Amino acid sequence: MKMKFDQLVRFEHEGEISYGNLVESSSDGFRVTKLGGNLAKGFTDVDKDLITVKKLLCPLESTPIIQCVGVNYNEHATEAKITVPKCPVIFSKPADALAGPMDEIPIHPDCQEKMDYEGELVVVMGRDAKNVSEAEALSYVLGYTVGNDISARNFQMPDVSGGQYGYAKSFDKFAPIGPAIQSTTRIPDPQKLRFRTTVNGEVRQETSTDDMIWSVRQIVAHLSRGTTLRAGTVIMTGTPSGVGFFQKKFLKDGDVVEVEMDGLGSVMNKMCFL
């Protein structure tokens, strides 16, 4: 199966939605070339002519599931005063939580009290994986992108949720990713990436993925133990210190959250209280 891309994107041009390869980003928009195919069949060049578009869509048309890792940065574990467990903390978001890098995020009235952000490195699986070893784990990865694990903390409190994370993070569009899926050729080592999260331009989180407790290899191996990780599965690998909950700085209507990772671009999403 051929996966011919460096920076995989989706875009709309002249009324047609297509996959493409991101060539250049500028103040005038994004210059892309069109790709044919899909995740199941692979991608091939259709037209090498450059197209300029103003907006990029979610780089995945859909996903089987969004798997998430909690408490996966040492500094965040310290901030939260949490004892690191023996295995990764795993929860999931449904497919409809997926959103694009520039989408507005609708916030239900019952979620608005303690809205929070979590900037994260995101892994996208390129082929089905089951019982894979840490040594071979990265060979199953399609690429890497940027994400925000948006969270309604009022539904995450232990007296409300019983200690379960999923519901608070599973609302529609609570998992924006993008702008592009970077190939594993461009990102050979996901543990050497630096990123930051800003709210209305103010830096709230800044770290490197070398602070992760469980590496991408370990996460993929753990998630595939006795379980099939389907191609297109999105894995949000955890957030560093600096979340709004511990700063008592919750998101408000109209706030713009940007998560930017060196070499991967950024997602920038406006919170829209309904």
Side-chain angles (χ1 to χ4, degrees), residues 9-13 15 17 25 27 29-30 53-63 65-66 68 70 91-122 124 145-157 160-161 164-181 195-206 234 236 238-240 242-261 264-274:
V9 296
R10 288 175 63 246
F11 62 93
E12 183 174 359
H13 181 66
I17 295 176
S25 302
S27 58
F30 305 92
V53 296
K54 293 294 185 182
K55 179 180 178 180
L56 295 178
L57 307 177
C58 181
L60 289 176
E61 184 177 0
S62 62
T63 181
I65 193 171
I66 303 166
C68 307
F91 61 95
S92 62
K93 294 175 181 258
D96 284 336
L98 196 65
M102 304 174 182
D103 289 356
E104 293 185 347
I105 309 301
I107 309 299
H108 188 278
D110 293 344
C111 299
Q112 296 171 6
E113 180 185 354
K114 294 180 179 179
M115 282 302 305
D116 210 347
Y117 52 84
E118 293 191 3
E120 310 201 6
L121 169 67
V122 174
V124 180
T145 190
V146 184
N148 184 357
D149 175 12
I150 299 173
S151 307
R153 300 291 190 201
N154 60 308
F155 283 116
Q156 196 177 340
M157 298 297 97
V160 176
S161 68
Q164 299 295 313
Y165 293 177
Y167 184 80
K169 297 164 173 281
S170 291
F171 298 92
D172 287 357
K173 292 197 169 186
F174 268 34
I177 68 170
I181 298 172
F195 71 100
R196 65 209 55 81
T197 304
T198 63
V199 178
N200 302 325
E202 177 190 1
V203 176
R204 299 284 184 87
Q205 297 179 292
E206 188 162 14
V234 170
M236 306 191 89
T239 199
V243 296
F245 180 81
F246 294 108
Q247 301 182 59
K248 305 303 179 187
K249 293 181 177 180
F250 296 110
L251 298 174
K252 301 179 179 64
D253 184 31
D255 281 352
V256 176
V257 181
E258 181 176 17
V259 184
E260 181 182 19
M261 193 164 294
L264 277 76
S266 69
V267 295
M268 183 182 292
N269 305 95
K270 181 179 179 180
M271 303 296 119
C272 295
F273 287 15
L274 302 178

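All values reported here derive from a predicted model rather than from experimental measurement.
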Whether the side chain of Asp253 engages the backbone of Phe273 through a donor-acceptor N/O pair (distance < 3.5 Å, no angle test) should be reported. yes
Minimum heavy-atom distance Ser92-Ser170, with the two atoms named: O-OG, 3.6 Å
Within-4.5 Å side-chain heavy-atom neighbours: Val122 and Ile66: no
Main-chain N/O of Ala97 paired with Asp172 side-chain donor or acceptor, under 3.5 Å: no
Could you walk me through whether Thr63 and Val124 pass side chain to side chain contact (heavy atoms under 4.5 Å, CB included), step by step? CA-CA 9 Å; Thr63 181; Val124 180; over 6 Å; no
The side chain to side chain contact (heavy atoms under 4.5 Å, CB included) partner of Arg196 among Gln205, Glu258, Glu206 is Glu206
Residue pair Val257 / Asn269, side-chain heavy-atom distance below 4.5 Å: no
Rounded to the nearest 0.5 Å, what separates atom SG in Cys111 from atom NZ in Lys114? 13.5 Å
Find the distance between CG (Asp116) and CE (Met271) and round it off to the nearest 0.5 Å. 10.5 Å
Considering all heavy atoms of both residues, which atom of Pro101 and which atom of Gly178 are nearest to each other, and what is their separation? CB-CA, 4.1 Å
dist Ile107:CD1 -> Lys270:NZ (nearest 0.5 Å) comes out at 12.5 Å
Verdict with reasoning, Val234 to Lys93, per side chain to side chain contact (heavy atoms under 4.5 Å, CB included): CA-CA 10 Å; Val234 170; Lys93 294 175 181 258; over 6 Å; no
Any side-chain heavy atom of Pro59 within less than 4.5 Å of one from Ile177? yes
Pair Leu251, Val199 - check side chain to side chain contact (heavy atoms under 4.5 Å, CB included), show working. CA-CA 8 Å; Leu251 298 174; Val199 178; 3.9 Å; yes
Calculate, to the nearest 0.5 Å, the distance between atoms OG and CE belonging to Ser266 and Met102 respectively. 7.5 Å
Take atom CD of Gln247 as the centre, draw a 6.0 Å sphere, and report whether it contains more than 12 heavy atoms from other residues, nucleotides or ligands. yes
Just wondering, do Thr239 and Asp149 contact through their side chains at under 4.5 Å, heavy atoms? no
With a 4.5 Å cut-off on side-chain heavy atoms, are Ile17 and Arg10 touching? yes
Sub-4.5 Å side-chain heavy-atom contact between Asp103 and Pro176: no
Please give me the minimum heavy-atom distance between Arg204 and Tyr117, naming the atom from each residue. CB-OH, 3.2 Å
Partner of Tyr167 under ring-ring contact (aromatic ring centres under 6.0 Å, His included), chosen from Phe91, Phe155, Phe174: Phe155
Taking atom CG of Asn148 and atom CD1 of Ile105, what is their separation to the nearest 0.5 Å? 7.5 Å
Flag side-chain contact, heavy atom, 4.5 Å: Met236 against Glu118: no
Check Glu113 against Asn154 and note the closest heavy-atom contact, atom names and distance. OE1-CB, 3.9 Å
Between Ile150 and Met115, is the side chain to side chain contact (heavy atoms under 4.5 Å, CB included) condition met? List the steps. CA-CA 8 Å; Ile150 299 173; Met115 282 302 305; 3.4 Å; yes
In terms of heavy-atom contacts, Glu104 and Lys173 come closest through O-CD, 3.7 Å
Is NZ or CZ of Lys248 both nearer than 6.0 Å to the six-membered ring centre of Phe250 and within 45° of the ring axis? no
Quick one, Phe245 and Gln156 - any side-chain contact, counting heavy atoms below 4.5 Å? no
Please confirm whether the backbone N or O of Val259 pairs with a side-chain atom of Thr197, one donor and one acceptor, at under 3.5 Å? no
For the residue pair Val9 and Pro179, what are the closest heavy atoms and their distance? CG1-O, 3.6 Å
